[in-house]
Amino acid sequence: MESCIRNLIRLDHMLTVVCHDAGGAEIVSSYLLHNNIECCYVLDGPAKSIFKKKIGVETNYSLDEAVKTSDSIICGSSWKSDLEYQAIKLARLYGKHSVVYLDHWVNYIERLTRNGESCIPDEVWVGDNYAVTIAENIFKHTPVKFHENAYFIDIQKRIVAIEKKLVSLNDKPTILYVCEPVKEHALIQFGDERYLGYTEEDALEHFLSNISVIAKGVYRIILRPHPSETISKYDWVKEQYDLPIEFGGSLPLIEEICESDIVVGCESMAMVVGLIAHKQVVSSIPPKGRPCVLPHDEIRQLYTYM
């Protein structure tokens with residue numbers, strides 16, 4: 001497909017990029033930058049600011065016009081938005097080649113399904129060997145292709161640059177806790193906030209009540225809400241726990257990871273970024289909850305410390 005894309009560009013044909021959610025937007029935008037590919041764009045949601053910042057581009061076509069006038073499309077994938085789903089449907093309608101670059105390790109079919117109807121692209125791209133194995137087991141009749149995650153390459157470079165400037169202020173560890181809207185996702189996907197056996201509040205309480213098994217004498221605990229959450233959602237934490245807790249999110253995620261020694265969460269992509277930064281990474285999912293679905297062996301479950 002990569003050579004196909006280059007041929008399209010050389011022949012003055014057009015590739016359309018369609019993205020909404022941040023995960024897919026980060027990976028697709030980095031892929032385009034690394035390969036110096038010019039496209040037309042249909043962007044919405046978090047993808048708009050990501051592409052504007054990284055590539056300096058904005059949406060320049062309507063979805064129908066972009067797909068109709070292009071030879072191929074490449075999409076991210078979304079939880080709530082129908083943008084990429086509709087793009088794949090239009091690509092089928094107009095006989096255009098479609099690719100979805102998946103940015104996580106779970107819910108692959110769910111990202112491509114609306115109202116019980118799945119819309120599978122002509123190709124599925126993934127960025128690591130874990131994802132290849134998972135995707136090949138799911139997409140039995142669709143080509144699954146490995147394309148190295150260019151976003152992770154960019155992250156590694158940024159981490160090196162940031163850490164060169166960091167000065168350690170204390171020999172006690174700093175812990176970054178990355179929050180996730182677990183209840184919201186469970187309700188959307190399964191119709192039950194507690195379907196996974198836990199909520200974000202359960203996981204956070206499990207962590208704060210057992211923090212001593214991870215580290216002694218913690219210097220800072222940075223509580224970083226998910227971009228879709230408000231800080232006020234977690235006001236109760238400071239009231240209930242006499243710990244050095246502060247709210248994060250004012251700095252880019254990578255900077256807060258670099259400033260930390262340990263990254264804790266449920267099953268967030270931020271935990272994988274923590275692994276890239278060579279941090280200790282822990283899942284705070286309580287023992288009765290569904291185990292962390294991130295396939296990375298380096299991620300340790302909090303209850304195994306106990």
Side-chain angles (χ1 to χ4, degrees), residues 1-2 5-6 9 15-59 74-78 84 99-106 111 123-132 135 145-166 176 178 180 222 224 226-227 248-260 263 265 267-281 294-296 298-299:
M1 179 61 186
E2 189 167 336
I5 289 176
R6 292 191 180 283
I9 299 302
L15 170 71
T16 287
V17 174
V18 183
C19 286
H20 181 281
D21 283 13
E26 291 284 14
I27 292 178
V28 172
S29 58
S30 289
Y31 173 81
L32 297 175
L33 274 174
H34 282 231
N35 291 279
N36 194 30
I37 299 169
E38 295 184 2
C39 321
C40 67
Y41 299 89
V42 181
L43 310 170
D44 203 357
K48 294 173 68 175
S49 60
I50 290 170
F51 275 81
K52 180 67 173 178
K53 180 178 179 181
K54 289 172 67 174
I55 304 182
V57 298
E58 300 180 85
T59 292
I74 182 168
C75 305
S77 62
S78 297
E84 293 98 336
V99 173
V100 168
Y101 203 140
L102 294 169
D103 61 278
H104 212 278
W105 298 269
V106 295
R111 291 165 181 260
E123 291 183 21
V124 170
W125 288 9
V126 289
D128 62 75
N129 291 327
Y130 290 115
V132 169
K145 297 189 177 181
F146 170 83
H147 287 267
E148 188 172 11
N149 191 322
Y151 176 50
F152 283 176
I153 295 173
D154 292 341
I155 286 175
Q156 289 172 329
K157 292 178 180 178
R158 289 179 63 188
I159 287 170
V160 170
I162 291 168
E163 291 188 336
K164 283 181 179 179
K165 300 177 182 179
L166 286 180
L176 173 65
V178 288
E180 302 169 55
I222 304 172
R224 183 184 178 94
H226 187 271
S250 60
L251 296 176
L253 172 64
I254 295 178
E255 290 187 27
E256 290 193 338
I257 288 175
C258 288
E259 290 182 359
S260 304
V263 177
E267 45 193 31
S268 166
M269 173 67 79
M271 296 160 66
V272 180
V273 178
L275 293 179
I276 295 173
H278 304 291
K279 305 297 181 179
Q280 179 182 344
V281 179
L294 296 176
H296 306 75
E298 306 95 320
I299 297 176

**Study point:** Trace of the salt bridge (Lys or Arg N to Asp or Glu O under 4.0 Å) decision for E84 with R111
**Key:** CA-CA 9 Å; E84 293 98 336; R111 291 165 181 260; over 6 Å; no

Exercise for review: Mind checking the CG-NE2 spacing from D154 to H34? Nearest 0.5 Å is all I need.
Suggested key: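 Going from the CG atom of D154 to the NE2 atom of H34 covers 3.5 Å.
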
Practice item. Enter the distance from I153:CD1 to Y31:OH here, rounded to the nearest 0.5 Å. Key: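 Spacing of CD1 (I153) from OH (Y31) equals 12.0 Å.
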
Please name the pair of heavy atoms, one in [X] and one in [Y], separated by the smallest distance, quoted to 0.1 Å.
X: E256; Y: G248; result: OE2-CA, 3.3 Å
X: I222; Y: S260; result: CD1-OG, 4.2 Å
X: S268; Y: L294; result: O-CD1, 3.6 Å

Point to revise | salt_bridge(R158, E255) N-O dist < 4.0 Å | key: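 A salt bridge is absent here (no side-chain N lies under 4.0 Å from a carboxylate O).
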
With side chains defined as the heavy atoms from C-beta onward, is the minimum distance between [X] and [Y] less than 4.5 Å?
X: V132; Y: D128; value: no
X: V99; Y: C75; value: no
X: H296; Y: Y130; value: yes

Exercise for review: For K48, enumerate each residue passing the salt bridge (Lys or Arg N to Asp or Glu O under 4.0 Å) test, keeping only those at least two apart in sequence or located in another chain.
Suggested key: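 With neighbours one apart ignored, the set is empty.
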
Point to revise | Qualifying residue, where the test is salt bridge (charged side-chain N to carboxylate O under 4.0 Å, His left out) with K279 and the options are E163, E298, E259 | key: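 Going through the options one by one, the only one that passes is E163.
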
Point to revise | F146-W125 aromatic ring centre distance below 6.0 Å | key: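 Not under 6.0 Å, so no.
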
